Amino acid sequence: MDNQSIAKIFEEIGNILEIQNQNPFRFKAYYRAAQTIENLSQELSEIYKADKNGLTKIPGIGRALADTIIEILETGKSRGHDALVKTLPEGFLNMLDIRGVGPKKVKLFYTELAVKNIVELKEAAEKRLLQTLPGMGEKSESEILAAINEYLSTSHDRRLLFDAMQQADEFVAHLGDGGSGGKNSATSKLIEAIEPCGSLRRRAETVGDIDILCASKNPEKIMERYVSYPEIAKILSQGSTKSSVVLKSGIQVDLRVIDKESFGAALQYFTGSKEHNVRTRDIAKRKGLKLSEYGVFDNDKMIAGKTEKEVYNAIGLPFIPPEMRENRGEIELAEKLGVKGEKNMPKLIELKDLRGDLHVHSDWSDASQDIETVAMAYKKAGFDYIAMTDHSAFIGITHGMDENRIKQQWKEIDKLNKKLAPFKILKGCEVDIHKDGTLALPDEILKKLDIVIVAVHSAFTLPEPEQTARIIKALKNPYVKILAHPSGRLINKRPAYKVDMDAIIKTAVENDVALEINSSPSRMDLQDIYVKRAKELGAKFAINSDSHHSSHMEYLKFGVFVARKGWLEAKNVINTMPIS
DNA sequence: GCCGTTTTCGGCCCGACTGTTTTCAGTCG
């Protein structure tokens, strides 16, 4: 059983205990554990196999939860969970996904109206039965009905970070220029600072909603401006400092307006993650302080709040970069280092550290531009080198290169290298890994290439042992330098192929093969949690665009986001190095 | 249910907004 499935079981146990009105700290323990497990970079089964007491070393997992995990690992299920699930009808917990409906309400609907799922809840609302219940009224009923209709009509996929960033930028532009295309300076003067926060600022690969923080002395004006955005489909709430809307695109946008003196504290709060916040607030509390979005307070005296660094330092921690705030060990590290150890926090890689791109396509395979056009674009953008890595000939790949065409391409590259020097085009190839782990090109060719990238483009559904063995065999080829998009997933479209990622990482380390962080916004592969794990195991990485058009070099920043979320520094990434 | 340079027992983050109320519970982040 994989971590995601186990996390889901814990989430359900938490939900049911909450509906049953049990001790809040008990069900919260299950939620916290679910969250932690979902974020783990190593499979629970591996942790348990390596150390029988390893599970209880995970923060938030004690003896009882560890035993439940062990039971699930050994039997495929938890009797406790099964018993709880049996107390509720099928589909019951889905009602919690309706906005405005929580544990208290579903319990009320069930006990009073025998409502068992979303469809029955909709029927009850349409029959105007909900408003007859205690604590409910006409307004609540119609809001729930609207939320159900919205839920049933929209996709529940989280947005790609790429899409969310675009929408956030447009929204910020609207607020900033008053919707007048930059001419309305009266409105922009209202805004002293503005920044998208939440999972977007943490550069999570997908984003559930967009959070925007704004500093202003005149929140009412900002709120007016906010709800006038033409792309708004529905206003969910509108207060004096906080409003929520849903855009026509279906994404929710929350705006918080705050005084400039509190901007740092509000950034910290609004960026999350939730679990990170809970822990930082807990640390503050244990020091006799209080941390909220308004600042750090010693009794009633505000001692920090203007900047995030000030806030972290005030509670005894070094500044923690937003990308790291996922409760994946950053709190423990920060507590260990303390304010004085701030310089020893990871110095996360930045886009400007990249000097080349080691995975680039041209019209020699499935891209549209010729090599010179592509190379010129990179040169102009300030890069020192690229590796031309067109596809090897293989079923399913358009215009893949066979040995003869590869040799022809080398001549072209030699010619261009003279012309474009000191910019350098490396001779490369994205070589297919066959189902049996052999490569699509012979070693005689591979050894003459500067960069051999290997990749899986077929037989995605092999069972885990075969898929793992296939990739491991390829990594052991002495000429292989990089493993492209190691998991193969396309976000929201295609799941990762089933592999033992720990085994692949270890093999890559042993054979000095770099793991690619593919920057394509729908790949972002290797995933951040595995990047962090791989770094711990000593892996090297390559942040590549996999560009099929020179404009795709813009994607590299998404690869850098992933790298930062995996705590990488420039020295961990081979294409931050000079070419020689 | 978890956890411990305040505790092995007694704590467990903090605040905004809404609707239904007449002071607050529920939900959300």
Side-chain angles (χ1 to χ4, degrees), chain A residues 10 13-14 17-19 21-36 55-69 80 95-109 130-144 147 197-199 202 207-213 219 223 235-245 252-258 262 265-266 268-297 315-316 327 331 335-336 338:
Chain A
F10 278 30
I13 294 175
L17 294 178
E18 189 174 6
I19 290 166
N21 211 9
Q22 303 239 4
N23 179 354
F25 301 107
R26 186 164 169 235
F27 62 71
K28 280 180 190 164
Y30 282 94
Y31 289 144
R32 193 167 59 236
Q35 200 68 44
T36 304
L55 296 173
T56 54
K57 289 172 190 155
I58 302 168
I61 309 274
R63 194 63 257 163
L65 292 185
D67 285 343
T68 304
I69 293 171
M95 284 192 281
L96 294 172
D97 293 336
I98 304 299
R99 185 176 51 239
V101 177
K104 295 287 193 299
K105 296 263 175 73
V106 295
K107 191 179 183 188
L108 179 71
F109 301 152
L130 301 186
Q131 56 176 286
T132 65
L133 301 174
M136 295 286 297
E138 254 182 78
K139 193 81 194 282
S140 307
E141 184 177 68
S142 62
E143 284 300 313
I144 287 175
C197 300
S199 49
R202 299 198 313 276
V207 169
D209 56 20
I210 294 172
D211 303 303
I212 294 173
L213 179 69
M223 287 303 172
I235 297 171
L236 298 173
S237 69
Q238 187 182 357
S240 56
T241 68
K242 187 179 165 185
S243 295
S244 291
V245 301
Q252 182 173 328
V253 184
D254 299 336
L255 177 73
R256 186 72 194 261
V257 185
I258 202 134
S262 294
Q268 200 276 332
Y269 150 74
F270 219 25
T271 297
S273 64
K274 186 186 165 108
E275 197 57 33
H276 177 92
N277 286 354
V278 169
R279 298 204 54 192
T280 46
R281 288 175 175 198
D282 181 53
I283 287 168
K285 191 167 196 168
R286 275 192 267 133
K287 292 187 192 304
L289 305 169
K290 183 180 73 170
L291 170 59
S292 76
E293 59 263 52
Y294 296 105
V296 181
F297 295 88
I315 60 170
N327 192 29
I331 301 272
E335 281 194 297
K336 199 176 94 189

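From a predicted model like this one, the values you see are computed outputs, not experimental measurements. Just so it is clear: chains get the letters A, B, ... in the order the sequence lines come, proteins before strands, and each one is counted from 1.
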Whole-Å gap separating C1' (B:dG4) and CD1 (A:I283): 14 Å
5'-most by nearest nucleotide on DNA chain B - A:G102 or A:F27: A:F27
A:T271 side chain near A:R202 side chain, heavy-atom distance below 4.5 Å: yes
P atoms of B:dT20 and B:dG26, separation to the nearest Å: 14 Å
Integer angstrom distance from the P of B:dC3 to that of B:dC13: 14 Å
Whole-Å C1' distance, B:dG10 and B:dA16: 29 Å
Nucleotide B:dC2, atom C1' - distance to CZ of A:F10 in whole Å: 13 Å
Distance, C1' atom - from B:dT7 to B:dC12, rounded to whole angstrom: 13 Å
Atom P, compared across B:dT5 and B:dG1: separation rounded to whole Å: 23 Å
Rounded interatomic separation in angstrom, taking CG from A:L96 and P from B:dT27: 9 Å
Test log, rule side-chain contact (heavy atoms from CB on, under 4.5 Å), inputs A:D211 and A:L213: CA-CA 7 Å; A:D211 303 303; A:L213 179 69; over 6 Å; no
Atom-pair distance (CD on A:E18; P on B:dA25), nearest Å: 16 Å
Electrostatic pair A:E18:A:K107 at N-O distance under 4.0 angstrom: no
Distance (rounded to the nearest 0.5 Å) between A:M136 CE and A:K105 NZ: 5.5 Å
Euclidean distance for P, B:dT21 against B:dT27 (whole angstrom): 15 Å
Within 45° cone and under 6.0 Å: A:K28 NZ/CZ vs A:Y31 ring: no
Between B:dG4 and B:dT8 - C1' atom distance, rounded Å: 8 Å
Whole angstrom value for the distance that separates C1' of B:dG1 from CD1 of A:I58: 15 Å
Identified pairing partner of B:dT8, criterion: Watson-Crick or G-U wobble below 3.5 Å: none
Integer-rounded Å distance: B:dA25 P and A:N21 CG: 13 Å
Length of the CG-P vector between A:N327 and B:dC3, whole Å: 12 Å
A:A33: partners by side chain to side chain contact (heavy atoms under 4.5 Å, CB included), with sequence neighbours left out: A:F10, A:I61, A:L65
Touch class at under 4.0 angstrom, heavy-atom based, for A:P59 against every strand present: sugar-phosphate
Nearest-angstrom distance, P atom, B:dT23 to B:dC28: 25 Å
Working for side-chain contact (heavy atoms from CB on, under 4.5 Å), residues A:N327 and A:R279: CA-CA 8 Å; A:N327 192 29; A:R279 298 204 54 192; 3.0 Å; yes
Nucleotide-resolved protein contact map, nucleotides 12-22 of chain B, B/S/- at heavy-atom distance under 4.0 Å: BBBBSSSSS--
CD1 on A:I98 to CD1 on A:I144, rounded to 0.5 Å: 9.0 Å
Phosphate contact (B:dG29 OP1 or OP2) by A:Q252 side-chain N/O below 4.0 Å: yes
Spacing of A:L108 atom CG relative to B:dA25 atom P, expressed in whole Å: 15 Å
Earlier contact from the 5' end, DNA chain B, for A:A66 and A:D211: A:A66
